[in-house]
**Student:** 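For reference, the structure I am asking about is given below.
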Amino acid sequence: DSGVTQTPKHLITATGQRVTLRCSPRSGDLSVYWYQQSLDQGLQFLIQYYNGEERAKGNILERFSAQQFPDLHSELNLSSLELGDSALYFCASSVDLGITAVDTQYFGPGTRLTVL
Amino acid sequence: AQTVTQSQPEMSVQEAETVTLSCTYDTSESDYYLFWYKQPPSRQMILVIRQEAYKQQNATENRFSVNFQKAAKSFSLKISDSQLGDAAMYFCAYVLNTGFQKLVFGTGTRLLVSP
């Protein structure tokens, strides 16, 4: 158990719908990262938040957005869902000691999203 | 482009034997960190080992060790005394030390372990 929690574990929805994935980082971790794992794209970085602020963006679609709240949990919002959005979405967290060091990212169990 | 290549889609090993998984990466930066993550059938991503690029000494974690060749941009994972529980997908990844800590992953190697 990494200490990172994600809910829900599974989500089945229809095209055009909107869903919210939730992540609680490890105690003390300030950074949260979102990754998408799909069969055709592999593991792709989506976005990073640090202490409530967006720090880095990757291959995140405009239909997707995220935020990190004062209690440091994060939510990933996916809207106007398409079949191709079906994937495993991981949240990871790290303590983030500062810009001069790289911290290990610990992953949650993932949310499996199926768009029908 | 920054990429990670795992040229072995699948590897097989017998219990108690040793296996080496290959990984090469491409970056023009000199300050970065390398990782191996394991993804068992449960789909959880589990850290196996971490290597700082500035360290010449290869990292080890119990039965897991790496062979880090910075000039060749190679980062292979050696698993000794393989166990049935080692069966999983193994992903090689790196992070640049730029303050934007996104992991760049390879496509993974599936490790099969037979009794």
**Student:** Heavy-atom distances under 4.5 Å only: say whether A:Tyr35 touches chain B with side chain, backbone, both or neither.
**Tutor:**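 A:Tyr35 touches chain B through side-chain heavy atoms alone.
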**Student:** Which pairs pass disulfide (SG to SG under 2.5 Å) with one or both residues in residues 10-61 of chain A, sequence neighbours excluded?
**Tutor:**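 Listed by first then second residue: A:Cys23-A:Cys91.
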**Student:** Does any heavy atom of chain A fall under 4.5 Å from the side chain of B:Phe91, the backbone, both, or neither of them?
**Tutor:**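 The side chain, not the backbone.
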**Student:** Which atoms of A:Leu88 come close to chain B, meaning under 4.5 Å heavy atom to heavy atom: side chain ones, backbone ones, both, or neither?
**Tutor:**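 Side chain of A:Leu88 only, per the 4.5 Å heavy-atom cut-off to chain B.
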**Student:** Among residues at least two apart in sequence or on other chains, which ones pass side chain to side chain donor-acceptor pair (under 3.5 Å) with A:Ser74?
**Tutor:**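 If we apply the side chain to side chain donor-acceptor pair (under 3.5 Å) test to A:Ser74, skipping adjacent residues, the hits are A:Trp34.
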**Student:** Between A:Thr104 and B:Tyr33, do the side chains contain an N or O donor and an N or O acceptor separated by less than 3.5 Å?
**Tutor:**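 B:Tyr33 and A:Thr104 do not have a side-chain donor-acceptor pair below 3.5 Å.
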**Student:** What are the two closest non-hydrogen atoms of A:Leu76 and A:Ile60, and how far apart are they?
**Tutor:**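 Between these two residues, the closest heavy atoms are CD1-CD1, 4.4 Å.
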**Student:** Select all residues of residues 43-71 of chain B having any heavy atom within less than 4.5 Å of some heavy atom of chain A, and report them by number, or 'none'.
**Tutor:**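 Interface residues of residues 43-71 of chain B: B:Arg43, B:Gln44, B:Met45, B:Leu47, B:Arg50.
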**Student:** Looking only at side chains, do B:Tyr94 and B:Glu29 share a donor and an acceptor under 3.5 Å apart?
**Tutor:**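 Side-chain D/A pair, B:Tyr94 to B:Glu29: absent.
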**Student:** Among A:Gly110, A:Ser31, A:Gly108, A:Gly58, single out the residue with the greatest number of heavy-atom pairs under 4.5 Å to chain B.
**Tutor:**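 Ranked by heavy-atom pairs under 4.5 Å with chain B, first place is A:Gly108.
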**Student:** Could I get the full list of side chain to side chain donor-acceptor pair (under 3.5 Å) partners for A:Thr15, not counting sequence neighbours?
**Tutor:**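 Result, side chain to side chain donor-acceptor pair (under 3.5 Å) vs A:Thr15: none returned.
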**Student:** Whether the A:Ser93 and A:Asp29 side chains hold a donor-acceptor pair (N or O, under 3.5 Å, no angle test) is what I'd like checked.
**Tutor:**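 Result is yes, a qualifying pair exists.
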**Student:** Take the angle between the ring planes of A:Phe107 and B:Tyr37 and call it parallel below 30°, perpendicular above 60°, tilted in between.
**Tutor:**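 A:Phe107 vs B:Tyr37 ring planes: perpendicular.
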**Student:** I want to check something: taking the side chain as every heavy atom from C-beta on, are B:Asp26 and B:Lys73 in contact at a cut-off of under 4.5 Å?
**Tutor:**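 Side-chain contact under 4.5 Å: yes.
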**Student:** Just so I understand: if I count every heavy-atom pair under 4.5 Å between each of A:Arg112, A:Gln37, A:Gln105 and chain B, which residue has the most?
**Tutor:**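 Heavy-atom pair counts peak at A:Gln105.
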**Student:** Answer with side chain, backbone, both or neither: which region of A:Ser2 has an atom nearer than 4.5 Å to a non-hydrogen atom of chain B?
**Tutor:**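 For A:Ser2, the side chain is the part near chain B, not the backbone.
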